[in-house]
There are 2 protein chains.
Amino acid sequence: MLKLTKKADYGLMALKYLAEHPETPALSAKDVADAYVIPAQLLAKILQLLTKSGLLRSHAGMNGGYALARDARQISAYEVIHAIDGPFFITSCTKGTKSCELTPSCTIKEPLARVNETIAGVLKSISIQDLAESEPPPGRAREAQALVALTL
Amino acid sequence: MLKLTKKADYGLMALKYLAEHPETPALSAKDVADAYVIPAQLLAKILQLLTKSGLLRSHAGMNGGYALARDARQISAYEVIHAIDGPFFITSCTKGTKSCELTPSCTIKEPLARVNETIAGVLKSISIQDLAESEPPPGRAREAQALVALTL
DNA sequence: CTGAACGCGGACCGAAGAAGTCGGATATTG
DNA sequence: CAATATCCGACTTCTTCGGTCCGCGTTCAG
């Protein structure tokens with residue numbers, strides 16, 4: 001409940017890894033899969049998704065692999081998750097496609113949709129670059145650049 | 001991915017319903033299940049969970065049922081979700097129980113943990129009362145009372 | 001005191017989605 | 001040509017969610 005999939009995790013990890021190695025022209029799926037210890041074939045499919053979404057550029061053949069399509073600072077965590085897991089909604093009852101039918105049930109959904117947007121906003125404000133940077137010095141914390149207002 | 005379960009939805013709906021009927025001493029699971037159109041037996045179990053967590057007070061026997069244990073304003077959406085779905089983490093890799101083992105993989109998780117806390121903060125700032133109020137007049141929007149800072 | 005209405009709680013099952021595997025086609029380079 | 005890549009769909013396996021069933025304890029009305 002309310003957790004992102006391993007695929008999305010893997011995708012974020014992979015992008016972070018690519019962001020940390022800007023010098024290399026391309027890294028193969030296997031390279032990344034070895035660096036972390038995730039199954040190579042699975043990672044490959046994830047990277048393919050990210051390529052289709054325009055976040056990565058791929059190059060087949062020997063010495064091929066993947067590279068970031070844009071600057072790491074221009075890629076948000078939201079885009080990655082969206083590319084891998086599709087559009088995400090907090091509510092099971094995604095209003096729009098007459099899912100809640102007759103029942104006037106979904107009075108809850110209205111305020112929860114705001115929460116949904118808030119979370120999306122937070123995710124959009126985080127870039128791959130942020131992920132790649134924020135780890136080495138344990139004490140140092142980058143100052144808040146994301147400030148999100150929630151109105152019910 | 002990243003959506004809350006129907007059980008949590010049902011729980012929120014039920015609490016909202018109870019908040020809207022403060023006069024009645026107790027409403028049975030069936031009452032609420034009929035109001036919205038959700039399966040009664042399932043709702044019953046959810047209400048039991050909420051009772052065990054201290055959010056509701058139950059009364060067995062004829063004319064029994066459930067009532068809010070506290071004021072609707074004192075119950076947060078976070079508590080409800082937590083009571084029903086258990087502790088929630090964005091990351092599949094909940095650090096703490098040596099889940100990420102040897103792999104130095106989870107460099108991602110550190111910043112994502114912040115996101116997790118941010119979301120939890122938003123959820124904590126929403127009360128059942130908010131849910132019960134925010135619907136009738138479509139144009140009117142309560143002003144932002146939740147302002148969340150995210151620091152990476 | 002007896003039975004109906006209710007909460008309690010465990011066992012169970014089907015469906016759906018996530019995680020991961022396999023196999024083959026295509027492209028690129030040495 | 002051969003090795004190394006991406007690419008892409010089908011498939012199996014595993015877990016979890018949504019939901020049902022049944023039996024028990026409690027309360028209250030007649």
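Residue numbers start from 1 in every chain, and the chains themselves are labelled A, B, ... in the order their sequence lines are given, proteins ahead of strands.
Here the shortest heavy-atom pairing between A:Ala33 and A:Leu43 reads N-CD1, 3.8 Å.
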A:Leu123 and A:Val80: CA distance, side-chain angles, deciding distance, side-chain contact (heavy atoms from CB on, under 4.5 Å) verdict: CA-CA 10 Å; A:Leu123 257 15; A:Val80 178; over 6 Å; no
side-chain contact (heavy atoms from CB on, under 4.5 Å) evaluation trace for A:Leu18 with A:Thr24: CA-CA 9 Å; A:Leu18 290 176; A:Thr24 65; 5.9 Å; no
A:Leu12 and B:Leu112: CA distance, side-chain angles, deciding distance, side-chain contact (heavy atoms from CB on, under 4.5 Å) verdict: CA-CA 10 Å; A:Leu12 288 171; B:Leu112 284 190; 4.0 Å; yes
Full working for side-chain contact (heavy atoms from CB on, under 4.5 Å) between B:Leu15 and B:Leu56: CA-CA 9 Å; B:Leu15 287 208; B:Leu56 291 179; 3.5 Å; yes
Protein N or O to nucleotides 8-12 of chain D N or O, pairs below 3.5 Å:
{"residue": "D:dA10", "atom": "N6", "partner": "A:Lys45", "partner atom": "NZ", "Å": "2.8"}

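Judged by distance alone, with hydrogens and angles left aside, the side-chain atoms of A:Ser53 form no donor-acceptor pair with the main-chain N or O of A:Leu55 at under 3.5 Å. Of the possible donor and acceptor atoms, none in the side chain of B:Gln74 sits under 3.5 Å from a partner among the backbone N and O of B:Asp71.
Rounding to whole angstrom units, CE of residue B:Met62 and C1' of D:dG25 are separated by 16 Å. When rounded to the nearest whole Å, the span between CD1 of A:Ile46 and C1' of C:dA18 equals 11 Å. Summarising the geometry, the separation between CG on B:Leu47 and P on C:dC8 is reported as 9 Å, rounded to the nearest angstrom. Summarising the geometry, the separation between CG on B:Asp85 and C1' on D:dG18 is reported as 12 Å, rounded to the nearest angstrom. What separates CG of B:Leu42 from C1' of D:dG18 is a distance of 6 Å, to the nearest Å. Summarising the geometry, the separation between NZ on A:Lys7 and C1' on D:dT15 is reported as 14 Å, rounded to the nearest angstrom. Taking atom CD1 of residue A:Ile38 and atom C1' of nucleotide C:dT21, one finds them 15 Å apart after rounding to whole Å.
Closest to the side chain of A:Thr5, from the set C:dA18, C:dT28, D:dT27, is C:dA18. Nearest nucleotide to the B:Ala60 side chain, out of D:dC28, C:dG20, D:dT26: D:dT26. Residue B:Lys6 places its side chain closer to D:dG18 than to any other of D:dG18, D:dT20, C:dG20.
Taking for each of A:Ala29 and B:Gly61 the nucleotide of DNA chain D with the nearest heavy atom, the 5'-most of the two is the partner of A:Ala29.
When the side-chain nitrogen and oxygen atoms of A:Tyr10 are compared with OP1 and OP2 of C:dA19, none of them lie within a distance under 4.0 Å. In this model, the phosphate group of D:dC7 is approached by a side-chain N or O of A:Ser58 to a distance below 4.0 Å at OP1 or OP2. Put simply, A:His59 has no side-chain N or O that comes within less than 4.0 Å of OP1 or OP2 on D:dT4.
The ring pair (Phe, Tyr, Trp, His ring centres under 6.0 Å) search around B:His82 returns B:Tyr78, not counting sequence neighbours.
Listed by residue number, there are no residues of residues 64-72 of chain A with a heavy-atom contact under 4.0 Å to DNA chain C.
Residue B:Arg70 qualifies as enclosed at atom CZ: its count of foreign heavy atoms under 6.0 Å is above 12.
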